[in-house]
Amino acid sequence: MGAGSPETAAVAALLVMAAALAGVAAGGDIVHQDDDAPKIPGCSNDFMLVKVQTWVNNRETDEFVGVGARFGPIIESKEKHANRTGLLQADPFDCCAPLKEKVAGDVLLVRRGGCRFTTKTKIAEDAGASAIIIMNNRHELYKMVCDKNETDLDINIPAVLLPQDAGTILQGLLSLGQVSVQLYSPDRPLVDTAEVFLWLMAVGTILCASYWSAWSARESVIEQEKLLKDGHETSVNFEAGGSSGMVDITMVSAILFIVVASCFLIMLYKLMSHWFVELLVVIFCIGGVEGLQTCLVALLSRWFKPAAGSFVKVPFFGAVSYLTLAVCPFCIVIAVIWAVYRRQPYAWIGQDVLGIALIVTVIQIVRIPNLKVGSVLLGCSFLYDIFWVFISKMWFHESVMIVVARGDKTDEDGVPMLLKIPRMFDPWGGYSIIGFGDILLPGLLVAFALRYDWAAKKTLQSGYFLWSMVAYGSGLLITYVALNLMDGHGQPALLYIVPFTLGTFISLGKKRGELRNLWTRGQPPRICTHTQHPSKESSTAAVTSS
């Protein structure tokens with residue numbers, strides 16, 4: 001409830017939370033790691049999501065989402081051109097042996113296991129089926145591929161894999177009457193509007209947080225200069241550049257930050273369950289309340305100065321302004337409402353509001369003192385991001401960071417330490433997401449750039465802030481381009497953002513001859529105007545007198 005030590009401790013915990021999901025920018029829906037399976041003749045389709053619309057006794061019912069196979073013909077993309085066909089359960093159910101009865105162009109529902117996907121499909125085709133729907137044995141979507149030794153494939157019916165829960169429901173519909181299905185795979189729009197808004201949200205958050213951080217630093221300097229004029233030189237430290245509520249990152253803490261974040265990420269991966277997600281929700285709500293309260297108090301204090309300047313002592317929190325006490329219940333209500341209704345389609349709004357307020361507050365409080373510390377922090381985050389998105393597959397057989405971000409081991413739609421926007425104009429729905437760390441960590445460097453520019457009295461073009469913002473926006477844009485080129489697979493955003501932002505900053509500093517000062521001091525050379533020096537005229541007079 002202020003800028004004291006409780007907030008500093010909270011910020012440290014929140015930074016770890018943010019870094020735990022530092023590199024997730026995702027929009028994909030197909031899970032698991034069958035990308036290395038070779039494309040061979042007859043087995044070279046791109047993986048695509050497939051909608052399975054159902055009817056029971058000519059009455060439209062549920063719609064399920066599955067994934068198409070590498071083999072077989074391409075599934076129709078237009079709903080109006082897709083055929084509605086009867087559905088039958090295969091006998092035997094695993095479809096690993098010739099069917100007991102022939103089918104006349106119906107779609108067969110079969111169970112996964114017992115033989116290869118291609119074997120099941122070929123048996124169904126030989127029995128006269130027009131398509132095959134395979135019910136997975138897990139609550140996930142797997143990619144149906146071919147083995148390396150399958151060189152003579154001639155499959156002419158499509159195959160679709162459904163997750164276990166969807167397959168179980170579909171199997172239950174067969175007991176209610178005559179079931180018909182329609183298979184089609186609508187194309188996604190070329191430009192994902194959710195990613196556009198997410199880009200604007202990330203850039204806007206850093207912009208606001210940087211100006212708040214720079215404004216606070218400038219007010220602190222003005223306060224110091226006033227103290228100097230009043231003769232309080234011993235109580236002022238110019239190098240600190242901030243108030244007691246600010247936290248400067250050191251070299252050791254920058255490295256330790258990544259180590260602790262990695263441990264936290266592994267803990268999330270290993271302990272991910274319903275109760276653990278509930279714990280994360282509570283932690284996120286506490287951080288969101290603190291962030292939203294800090295932002296609202298900063299905004300409202302300009303209109304309610306008496307309430308902002310009057311304080312009362314609160315146990316553990318110390319002196320708290322009346323304005324903070326008035327705002328706090330509102331923030332708590334917002335967080336509680338989000339926590340209760342977080343599974344609703346509109347809950348992403350509350351999550352983004354709390355998340356943005358939290359990020360802005362952390363960037364305003366936590367500061368990079370110089371470019372050296374910033375380079376270490378972002379460099380370690382860059383390696384951390386790549387490792388837990390890509391290299392972790394070698395040890396854990398799946399991307400640890402993406403599994404945690406999506407909440408694959410729970411019934412939740414991802415963990416709360418993310419900004420998310422629904423893909424409203426996408427026929428597949430879902431969310432585009434970005435981790436807190438993809439905004440917060442580069443944002444610390446961008447905020448440092450603006451503080452330096454203001455202290456050095458630089459213009460936008462001659463400073464570092466504008467170009468750092470352009471670099472961040474470009475890096476995030478490249479992230480989303482890569483995300484779409486990689487068929488929606490989650491990407492380590494800092495892989496693209498860090499080289500852009502850090503590379504631009506260092507290149508400009510070197511070109512302008514200011515790199516050494518940026519690297520070590522992080523402040524422009526300062527001339528103390530309050531030190532009393534004898535003037536030239538008085539010195540001359542003293543010499544003449546003597």
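These values consider heavy atoms only, across backbone and side chains, with no hydrogens, waters or symmetry-generated copies. Throughout, residue positions are numbered sequentially from 1 according to the sequence presented.
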Please round to the nearest 0.5 Å and tell me the distance separating atom CG of Asp248 and atom CD1 of Ile368. 10.0 Å

Result block: side-chain N/O donor-acceptor pairs under 3.5 angstrom for residues 295-318, not counting sequence neighbours:
unit_1, atom_1, unit_2, atom_2, d
Ser301, OG, Val297, O, 3.2
Ser301, OG, Ala298, O, 3.0
Ser310, OG, Pro306, O, 2.8

State, with a plain yes or no, whether a side-chain heavy atom of Ile332 is found less than 4.5 Å away from one of Gln293. no

Would you check, one step at a time, whether the test side-chain contact (heavy atoms from CB on, under 4.5 Å) holds for Ile283 with Leu279? CA-CA 6 Å; Ile283 295 174; Leu279 177 61; 4.2 Å; yes

Would a 4.5 Å heavy-atom cut-off, applied to side chains only, mark Trp519 and Asn370 as touching? no

Does one side chain, of Glu195 or Trp199, offer a donor that lies under 3.5 Å from an acceptor on the other? no

In terms of heavy-atom contacts, Arg451 and Ser213 come closest through NH1-OG, 2.8 Å

Could you check Lys270 against Phe396 for side-chain contact (heavy atoms from CB on, under 4.5 Å), going step by step and ending with a plain yes or no? CA-CA 11 Å; Lys270 294 294 186 182; Phe396 299 93; 4.2 Å; yes

Pairs involving residues 458-473, ordered by first then second residue, that meet side-chain hydrogen bond (donor to acceptor under 3.5 Å, both in side chains) (sequence neighbours left out): Lys458-Glu514, Thr459-Ser462, Tyr464-Glu514

Without swapping roles, check the side chain of Ser210 against the backbone of Leu450 for a donor-acceptor pair under 3.5 Å. no

Is the number of heavy atoms from other residues, nucleotides or ligands within 6.0 Å of CZ (Phe276) greater than 12? yes

Pairing residues for Phe448 by the ring pair (Phe, Tyr, Trp, His ring centres under 6.0 Å) criterion, not counting sequence neighbours: Phe505

Under a 3.5 Å distance rule, please check whether Ser220 uses its side chain to pair with a backbone N or O of Ser216 as donor and acceptor. no

Do you know the tightest heavy-atom contact between Ala335 and Cys285? O-SG, 3.7 Å

Could you grab the distance from atom CG of Leu477 to atom CD1 of Ile497, nearest 0.5 Å is fine? 10.5 Å

Side-chain polar contacts of residues 254-266 - donor-acceptor pairs under 3.5 angstrom, sequence neighbours left out - could you list them?
unit_1, atom_1, unit_2, atom_2, d
Ser262, OG, Ile258, O, 3.0
Ser262, OG, Trp388, NE1, 3.2

How close do Leu494 and Gly437 get, counting heavy atoms only, and between which atoms? CD2-O, 4.3 Å

Not counting sequence neighbours, which residues clear ring pair (Phe, Tyr, Trp, His ring centres under 6.0 Å) with Trp454? List them please. Tyr211

Return the set of residues passing side-chain contact (heavy atoms from CB on, under 4.5 Å) with Leu383 (not counting sequence neighbours), or none when no residue passes. none

Would you please name every residue forming a side chain to side chain donor-acceptor pair (under 3.5 Å) with Asp192, sequence neighbours left out? Ser432

Residues passing the side-chain contact (heavy atoms from CB on, under 4.5 Å) test with Pro427, sequence neighbours excluded, are Lys51, Pro186, Pro189

Test side-chain contact (heavy atoms from CB on, under 4.5 Å) on Leu358 and Glu290 and set out the steps. CA-CA 7 Å; Leu358 174 58; Glu290 179 70 23; 6.0 Å; no

Heavy-atom distance under 4.5 Å between the side chains of Val281 and Trp338, does that happen here? yes

Which residues satisfy the side-chain contact (heavy atoms from CB on, under 4.5 Å) test with Thr250, sequence neighbours excluded? Val252, Ser253

State the CD1-CD1 distance between Ile434 and Ile439, to the nearest 0.5 angstrom. 4.5 Å

pair Met469-Val203: side-chain heavy atoms closer than 4.5 Å: yes

Leu502 meets the side-chain contact (heavy atoms from CB on, under 4.5 Å) criterion, sequence neighbours left out, with Leu371, Ser375, Leu378, Leu445, Val498, Ile506

Compare all side-chain heavy atoms of Ile386 with those of Leu495 and state whether any distance is below 4.5 angstrom. yes

Begin from the C-alpha positions of Gln351 and Lys420 and carry the test side-chain contact (heavy atoms from CB on, under 4.5 Å) through to its verdict. CA-CA 8 Å; Gln351 181 170 325; Lys420 58 194 292 187; 3.6 Å; yes

With heavy-atom distances below 4.5 Å as the criterion, would you say the side chains of Val446 and Phe465 are in contact? yes

Can you list the residues that meet the salt bridge (Lys or Arg N to Asp or Glu O under 4.0 Å) rule with Asp426, with sequence neighbours excluded? Arg188, Arg423

Looking only at atom types and distance, does a side-chain atom of Ser381 sit under 3.5 Å from a main-chain N or O of Leu377, one as donor and one as acceptor? yes

Does some side-chain heavy atom of Arg512 sit less than 4.5 Å from a side-chain heavy atom of Leu518? no

Less than 4.5 Å apart, side chain to side chain, heavy atoms only: is that true for Leu440 and Val366? no

Residue pairs passing the ring-ring contact (aromatic ring centres under 6.0 Å, His included) test with at least one member in residues 341-361, sequence neighbours excluded, are none

